[in-house]
There are 2 protein chains.
Amino acid sequence: MSELYASIDLGGTNIKCVFADAEGTVAASDAIPTASHEGPDGVLFRIGSLVERMIERAGIRPRALGMGVPGLVDLKRGVTRFLPNLATQWRDVPVRDILSPRLGCPVYLLNDVRTATLGELVFGHGRRVTSFVFFAIGTGIGGGIVIDGKLRLGPLGAAGELGHQTVIPDGPVCGCGSRGCMETLISGPALSGVGVRLVRSGLAPKLHDIVGGDLNLVTPETMAAAANKGDGKVREEILRAAEYLAIGIGNMITALHPDMVVLGGGVVQMGDLLLNRVRESLRERVHMVPVDDVPIELSLLADQAGALGGIALAMKRGLIED
Amino acid sequence: MSELYASIDLGGTNIKCVFADAEGTVAASDAIPTASHEGPDGVLFRIGSLVERMIERAGIRPRALGMGVPGLVDLKRGVTRFLPNLATQWRDVPVRDILSPRLGCPVYLLNDVRTATLGELVFGHGRRVTSFVFFAIGTGIGGGIVIDGKLRLGPLGAAGELGHQTVIPDGPVCGCGSRGCMETLISGPALSGVGVRLVRSGLAPKLHDIVGGDLNLVTPETMAAAANKGDGKVREEILRAAEYLAIGIGNMITALHPDMVVLGGGVVQMGDLLLNRVRESLRERVHMVPVDDVPIELSLLADQAGALGGIALAMKRGLIED
């Protein structure tokens, strides 16, 4: 049997574990609930048990484990600094030193979206291009920047928070503490909020039908469906969101002239209605580099980006070494 | 005598030539008018004569010459692609192949603001930090990005056009073809335009006095002086400009988490009124990285950045080699 690497994707709801080889071929995967109310000790104990169970089943110990976490980490020491969406916020939890002895292999930590970017670099579009910008557009908007085959991290793994570019100086209040961040305008919740307003105002009859009057079902996907069925106002708002997205993407193209822009996350599943307007708007906004030569592509890994990013992290590929 | 390198800074008005050693100590400098109406052949002939004259005087031939030009270049071939502000626009002029045989040394071409960034990297703040973002704020706003000691160029040397980030989506029309670029809001001309409006509207009595009623003398510097003497509206507009500047700087800090932000160009000579508000505004905008740990510093090279950048380019320092 070939050598395997392990990844842990620590999310707010679930913890996913994958074993894969150096080509990114998944050999095994499993998941457990995060149950973060148990605190770091409880959660890390269950992560250890999860990986041990998979080692037993696979009959092989992984060479290393890469773990993506939702927040800031001390990269060198493998310590979490601040995971805002988990109970207790995991300040200064020595994850590496807790897990590594138990599992008998090296353990590396990295912010989850940077981990996903690493996955795209090693197993996705990064196989073809050496410099790209990655936007993960879901509940929040994260990202990552790859220059000359290396992921830009900064000292805390915090570089690449592309959703917190200012797009409207006096725009909506953002969770980060600023205003008018890209995330306040084109994240899943931002779009859904617009959709709910239109339904409640009686301006989105198709969307109303599609969700059967249940506002819980208003999402970017149902909005795209409604727009395609003739809801003009929904369509207009999606096109406007596309223009905001193009501003954030365009800023990065102008600053970095990457070979490619890669989009991941649920929102970009809205499809051509969104993406065609993004491309059109980029042509209007970006004039300092030949923008048509910078393809805007969907992630090749989709929802596997985090898991495979953890594998890339375990292999220490695409990282600037100390 | 130690080895020398040469630089040419090709501007719209003047051509400056500097000879310096590998420490950036200037041994000789000279300048001639650009007179770009003569076209590339005439201008390049006079550049050749200028350098030859300096070689004769110095009694030493430079090891290489680095040339900063105002526009896009083909880095590998040393050919200008598009210099929008020079007569005939210099499309596909083989500058390297014209100058190099005549001068008997290698000749390298690069965009002028990227060249200035290289100067800051090799001879300025880059001696202390390895990753920084440079903004040159003058008639236009250019910039450069240095990651891990390397200048980010992209295939055309066009990466780093930081003045063309969108700051106000529906803002003023920009020369680049977009709207609301940072350059339309806080370049020298943008600020001067605001100052002229205030003088003409009778809202800037101190500024009116300082320039003796001559609108030709309204500049960021005279505006800063007027604000400090009590022109409240001028002061307000400078603070507002500082907030726009902070948006552009903040986007780059959030995206790249650099060690430092370096500011050059005439506008930043406005001093503390501008810079203190920039720092304050950054604290309001940037929450994803510890922004107080990212110093905002003035260029150490000031108006020598271009000349010394050419020297760094001649030495091929801080560039990603092919």
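Note that the structure is a prediction, hence the values are computed from the model and not measured. Order of the sequence lines fixes the chain letters, A, B, ..., with proteins taken first and strands second; residue numbering starts at 1 for each chain.
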Distance from T166(B) atom OG1 to I247(A) atom CD1, nearest 0.5 Å? 5.0 Å
Exceeds 12 heavy-atom contacts within 6.0 angstrom, atom CZ of R197(B): yes
Side chain, backbone, both or neither: which part of S131(B) has a non-hydrogen atom closer than 4.5 Å to chain A? side chain
Where does L256(A) contact chain B at under 4.5 Å (heavy atoms): side chain, backbone, both or neither? both
Heavy-atom nearest pair, M288(A) first then C176(B), reads SD-CB, 3.9 Å
With a 4.5 Å heavy-atom cut-off, do R285(A) and P169(B) have their side chains touching? yes
Rounded to the nearest 0.5 Å, what's the gap from CD1 on I147(A) to NZ on K150(B)? Could you check? 13.5 Å
According to the side chain to side chain donor-acceptor pair (under 3.5 Å) rule, which pairs have a member within residues 246-259 of chain B, sequence neighbours left out? T130(B)-D259(B), Q165(B)-N251(B)
Do you know which of G180(B), A255(B), G248(B) has the most heavy-atom pairs under 4.5 Å to chain A? A255(B)
Which of D170(A), V286(A), L72(A), I145(A) touches chain B most, by non-hydrogen pairs under 4.5 Å: I145(A)
Are more than 12 heavy atoms from other residues, nucleotides or ligands located less than 6.0 Å from atom CZ of R128(A)? no
Taking everything shown except R283(B) itself, do over 12 heavy atoms lie less than 6.0 Å from its CZ? yes
Residue among G177(A), G154(A), G250(A), P258(A) with most heavy-atom pairs under 4.5 Å to chain B: G177(A)
Is there any residue in residues 155-163 of chain B with a non-hydrogen atom under 4.5 Å from a non-hydrogen atom of chain A, and which ones are they? P155(B), L156(B), A158(B), A159(B), G160(B), E161(B), L162(B)
